[in-house]
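Structure, as structure tokens:
A, B, ... follow the sequence lines: proteins, then strands. Residue 1 opens every chain. Side chains are part of it too, since the values below use all heavy atoms of this structure and drop only hydrogens, waters and symmetry mates.
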Number of protein chains: 2
Amino acid sequence: MAEKNSAEKKFGTLPIAESNNVARLPLTSQVATTVRDMIVEDKLKPGERIRERQLASELNVSRTPLREALKILESEKLVEILPNRGAVVADPAPEDVRGMLQVIGALEALGGRHAAENATDEEIAEIRALHYEMLAAYSRKDRLTYFKLNQKIHGSIIAASRNAALMETHEQVNARVYRIRYRSNQRNTLWHEAVDQHEEIIAALETRNADRLSTLLSDHLGNTWAKVSADDYASGSGSSAEKLRSGDVGKET
Amino acid sequence: MAEKNSAEKKFGTLPIAESNNVARLPLTSQVATTVRDMIVEDKLKPGERIRERQLASELNVSRTPLREALKILESEKLVEILPNRGAVVADPAPEDVRGMLQVIGALEALGGRHAAENATDEEIAEIRALHYEMLAAYSRKDRLTYFKLNQKIHGSIIAASRNAALMETHEQVNARVYRIRYRSNQRNTLWHEAVDQHEEIIAALETRNADRLSTLLSDHLGNTWAKVSADDYASGSGSSAEKLRSGDVGKET
DNA sequence: GCCAACGATTTGGAATGCAATATTAGAGGG
DNA sequence: CCCTCTAATATTGCATTCCAAATCGTTGGC
């Protein structure tokens, strides 16, 4: 750490800050999005400490919006704030991840049930299209595109359920496991299984078979856990940063 | 509005601020808890605008921790922050509430399934005890106690599932409908139905019948929607504050 | 009498400054 | 050589201050 005065070290300025096309969002929101992405894309490692001054100056903002953003990320459980000791990137234990995937499974089961009833034909056709795009990425072994399309398909099914709270909740829990699933996807060996399951899922949606879609989605997420636990945790340490935490901090009740 | 300089007008100082027994939590957390309670207990009305300077001085804090607290409550969807226009207490539409109850139903279904497997006999006995206490409150027509015990029972079942993310998610969605369920409980006429359902729920837990408990809980929440929609929305306007909102603000993707 | 433009005031957004707490480095003693 | 106590440093917590945007009241024109 030689330099100290250089404002922008490794991360540039905020993306939206310069291109003021969308009516300029509050700084806090921009910072929250930026830091959230940094966590979710594994640029900030689990367990890593976040120093406010440092990160704020890297993002060319003051500590105030960064602190507000950290509070948001804390309630999204992406960071943990230890009183008087600062923020660290969340580092869920395997059993926690398992629990999150179960929650996502339950949410998708609910979403699928209602999507089968409420989705428009156009929505279903679009999901089918995304599915084909995903197959293309699979064929090319383009794992990143595959992963993102996979996420988008599931999100679209949830969206088709027409339940705002479900969408929000799903998105939030999903963000918590995004990084882990992303890493798992990059090294996953049993890749074809998920593809087959997806075909069934789309079919159930097209035939508007609510019960079957619900079951398939729930099972699919259970299967995701199997893959994640095998890929991520079996092969070396999942996290790259040294653990700084002294144990989970309780919530404020 | 005659006075302007009196610091504490209608709300006293923060509860924990004076009794510094628990290692003094950060102000932001205290403020978040206080304001959350004010919203959830209907002291701040849905749609009501929150003026930062005013509320901050009423709570004897500066705007900084209040603003941080509002960001937390925003991501809990208890307030809505309109850029440059301040925060208003969330005022979900009936269909939103319905969606939230469906989500809670799905979460409790999952929680019940695992609680039936993982709960200790002590936990089950404690839940049974809470159930009897609730019956006592029912018999006395003590609606407030009944309501709180009801909430506690459901929370305990979730807790017995041993899934941290599930507990957190459940708690968060639950907070969003707490006020509405509370109001509904106060005027609910078909009260005995829920009591009968609870008896079945406890029985299913005691026999560790996971499938049945899961189904019962899901149905129970569906039933809750029936009551809430009948009690709260049919009888006069659910919210007491005038609407200030121009429509839901999008989230920041 | 109604509406639009303008200025004063209020309110939220963000940066800065100061106090309190935690962390680190170093000296001294065992 | 290790441990402990202490002083220096770094970091967070919170209040204050400054700035920009929105709101409100007023005036002037139609």
Side-chain angles (χ1 to χ4, degrees), chain A residues 1-5 7 13-14 16-18 20 22-35 48-74 79-89 242-246 249 252, chain B residues 1 4-5 7 13-14 16-18 20 22-35 48-74 79-89 242-246 249 252:
Chain A
M1 296 265 183
E3 79 269 276
K4 215 176 177 184
N5 300 341
T13 46
L14 299 174
I16 328 177
E18 311 176 338
N20 54 348
V22 284
R24 228 182 81 248
L25 288 153
L27 260 192
T28 298
S29 305
Q30 295 182 43
V31 172
T33 302
T34 302
V35 179
E48 181 176 345
R49 181 158 177 200
I50 295 176
R51 268 145 205 132
E52 295 180 1
R53 284 180 215 280
Q54 176 184 331
L55 184 53
S57 78
E58 283 169 2
L59 300 175
N60 291 107
V61 297
S62 76
R63 283 175 59 216
T64 307
L66 173 60
R67 280 179 59 83
E68 292 180 351
L70 288 175
K71 295 294 181 184
I72 294 171
L73 298 176
E74 181 193 25
V79 309
E80 210 173 333
I81 296 182
L82 315 170
N84 287 319
R85 317 235 262 103
V88 295
V89 178
E242 300 309 310
K243 303 292 187 303
L244 301 178
R245 295 159 53 207
S246 58
V249 71
E252 42 182 287
Chain B
M1 294 265 183
K4 213 176 176 184
N5 299 341
T13 46
L14 299 174
I16 327 176
E18 312 176 335
N20 55 348
V22 283
R24 226 182 80 248
L25 288 153
L27 259 193
T28 297
S29 304
Q30 294 183 44
V31 171
T33 302
T34 302
V35 179
E48 182 177 344
R49 181 158 176 199
I50 296 177
R51 270 152 211 126
E52 295 180 358
R53 289 175 218 274
Q54 176 184 330
L55 184 53
S57 78
E58 282 168 4
L59 300 176
N60 291 106
V61 297
S62 79
R63 284 174 61 213
T64 307
L66 173 60
R67 281 179 58 83
E68 290 181 352
L70 288 175
K71 295 294 182 185
I72 294 171
L73 298 177
E74 182 194 26
V79 309
E80 210 173 334
I81 297 182
L82 315 170
N84 286 318
R85 316 236 262 96
V88 295
V89 178
E242 302 308 311
K243 305 293 186 302
L244 301 179
R245 294 160 53 207
S246 58
V249 72
E252 43 185 284

Legend entry - Length of the CD1-P vector between Ile81(B) and dG12(C), whole Å: 10 Å

Legend entry - Atom pair CD (Glu68(A)) and OG1 (Thr28(B)), whose distance is rounded to the nearest 0.5 Å: 9.5 Å

Inset, instruction - Would you mind telling me which of dT12(D), dC14(D), dA15(D) lies closest to the side-chain atoms of Val61(B)? - result: dA15(D)

Inset, instruction - Can you tell me the distance, in whole Å, between the CG atom of Asn60(B) and the P atom of dC14(D)? - result: 14 Å

Legend entry - Listed nucleotide nearest any side-chain atom of Pro65(B), set dA15(D), dT12(D), dT11(C): dA15(D)

Legend entry - Phosphate contact (dG13(D) OP1 or OP2) by Thr28(B) side-chain N/O below 4.0 Å: no

Inset, instruction - Looking at every strand, decide which applies to Leu70(B) at a 4.0 Å heavy-atom threshold: base, sugar-phosphate, or nothing. - result: nothing

Inset, instruction - Whole angstrom is fine here: how far is it from NZ in Lys71(A) over to C1' in dT12(D)? - result: 10 Å

Inset, instruction - Identify which nucleotide among dG17(C), dT11(D), dA15(C) has an atom closest to any side-chain atom of Arg63(A), counting heavy atoms from C-beta outward. - result: dG17(C)

Legend entry - Side-chain N,O (Arg67(B)) to OP1/OP2 (dG13(C)) below 4.0 Å: yes

Inset, instruction - Can you figure out which of dT11(C), dT11(D), dA15(C) approaches the side chain of Arg51(B) most closely? - result: dT11(C)

Inset, instruction - To the nearest Å, give me how far apart CG (Leu25(B)) and C1' (dT21(C)) are. - result: 15 Å

Inset, instruction - Rounded to the nearest 0.5 Å, what's the gap from CD on Glu58(B) to CZ on Arg51(B)? Could you check? - result: 10.5 Å

Inset, instruction - Apply the salt bridge (Lys or Arg N to Asp or Glu O under 4.0 Å) test between Glu52(A) and each candidate in Lys71(A), Arg63(A), Arg85(A); give the one that qualifies. - result: Arg63(A)

Legend entry - N or O in side chain of Arg85(B) less than 4.0 angstrom from dT23(D) OP1/OP2: yes

Legend entry - Between dA22(C) (C1') and Arg49(A) (CZ): distance, integer Å: 8 Å

Legend entry - Any Ser62(A) side-chain nitrogen or oxygen under 4.0 Å from OP1 or OP2 of dA15(C): yes

Legend entry - Gap between atom CZ of Arg49(A) and atom CG of Leu55(A) - 0.5 Å precision: 13.0 Å

Legend entry - From dG12(C), dA22(C), dC14(D), nucleotide with atom closest to Glu52(B) side chain: dG12(C)

Inset, instruction - Starting at atom CG of Leu66(A), determine the distance to atom P of dT16(C), rounded to an integer number of angstrom. - result: 14 Å

Inset, instruction - Would you please confirm or rule out a distance under 4.0 Å between OP1 or OP2 of dT12(D) and any side-chain N or O of Arg53(A)? - result: no

Legend entry - Spacing between Asn84(A) atom CG and dT9(D) atom P, to the nearest angstrom: 21 Å

Legend entry - Nearest-angstrom distance from the residue atom CD of Gln54(A) to C1' of dT12(D): 14 Å

Legend entry - Where Leu73(B) and Ala32(B) come nearest, the two heavy atoms and their spacing: CD2-O, 4.0 Å

